[in-house]
Amino acid sequence: MKKESTLNFYDRVYCITRLIPRGRVSSYGAIACYLSIGSASRMVGYALTCSHNVLPFVPAHRVVNRSGLLTGKIHFGTPTLMQQLLENEGIIVEDDQVKYFSILHWDPSVELESDYFSNLG
DNA sequence: GAGGTGACTGCGA
DNA sequence: CTCGCAGCCACCT
């Protein structure tokens, strides 16, 4: 096998991030866990740092930290772009924090598997 | 090859 | 609750 792990890493993050349903949000830890690197949640955010340079579009604004805080908004064009994008999807953001984050949280390692079975059924 | 950085997270004081 | 520290791994200089 080759060292495609590192290369796939970015692709994985982008792919999963694009899987986040509209009006939902995810966390770095959840994505990291799905990538079997739950210990390196930093890498998820790091990958997203270049997400704006990747196509198709990556809804990085749907990814927030474990507390639902928009820690990555600083990497957007404007400090309020991330919040506006979320609000545009019906997500309520207050004080740079996602409201009802608990119920809006989308975990790929859970929602995906569960969704598959649900759709099949 | 080595050192520093970072859109994070968990635990302790 | 707030503050600080350690671990994690890929990218940049």
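Each chain gets a letter, A, B and so on, in the order its sequence line appears, and its residues count up from 1. For clarity, every value in this text was computed on a predicted model and none was experimentally measured.
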**Request:** Specify the separation, in whole Å, of atom CZ of A:R12 and atom P of C:dA10.
**Result:** 14 Å
**Fill in**
Under a 4.0 Å heavy-atom cutoff, the residues of residues 56-69 of chain A touching DNA chain B are A:A60, A:N65, A:R66
**Prompt:** If you round to the nearest 0.5 Å, how far is CZ of A:R12 from OG of A:S36?
**Reply:** 7.5 Å
**A:R24/A:E89 salt bridge by N-O under 4.0 Å criterion** = no
**Prompt:** Mind checking what makes salt bridge (charged side-chain N to carboxylate O under 4.0 Å, His left out) contact with A:E87, not counting sequence neighbours?
**Reply:** none
Under-3.5 Å N/O pairs linking protein and nucleotides 6-9 of chain C:
from: C:dG7; atom 1: O6; to: A:R42; atom 2: NH2; distance (Å): 3.0

**Prompt:** Hey, what do you get for CD1 (A:I31) to SG (A:C15), rounding to the nearest 0.5 Å?
**Reply:** 11.0 Å
**Request:** Can you sort out which residues in residues 21-33 of chain A have a heavy atom within less than 4.0 Å of DNA chain B? Ascending by number, please.
**Result:** A:Y28, A:G29
**Complete:** dist A:Q83:CD -> A:I91:CD1 (nearest 0.5 Å) comes out at 11.0 Å
**Item:** Rounded distance (Å) that lies between atom P of B:dA7 and atom CD1 of A:I20
**Value:** 18 Å
**Prompt:** Looking at DNA chain B, which of residues 74-88 of chain A put a heavy atom within less than 4.0 Å of it?
**Reply:** A:H75, A:F76
**Request:** Can you sort out the partners of A:P79 under side chain to side chain contact (heavy atoms under 4.5 Å, CB included), two or more places apart, ordered by chain and number?
**Result:** none
**Request:** Take the protein atom CZ of A:F9 and the nucleotide atom C1' of B:dG6, then report the distance between them rounded to whole Å.
**Result:** 12 Å
**Asked** Does the side chain of A:Y46 reach to within under 4.5 Å of the side chain of A:Y10, using non-hydrogen atoms?
**Response** yes
**Asked** To the nearest 0.5 Å, what is the distance between NE2 (A:H61) and CD1 (A:I20)?
**Response** 8.5 Å
**Message:** Rounded at 0.5 Å granularity, tell me how far CD in A:E94 sits from CG in A:L70.
**Reply:** 12.5 Å
**Asked** Around atom OH of A:Y100, are there more than 12 heavy atoms of other residues, nucleotides or ligands at under 6.0 Å?
**Response** no
**Message:** Whole angstroms only, please: what is the OH-P distance between A:Y10 and B:dG6?
**Reply:** 14 Å
**Prompt:** Rounded to the nearest 0.5 Å, how far apart are CD of A:Q97 and CG of A:N65?
**Reply:** 8.0 Å
**Prompt:** Going by the angle between their ring planes, with limits at 30° and 60°, are A:F101 and A:H105 parallel, tilted or perpendicular?
**Reply:** tilted
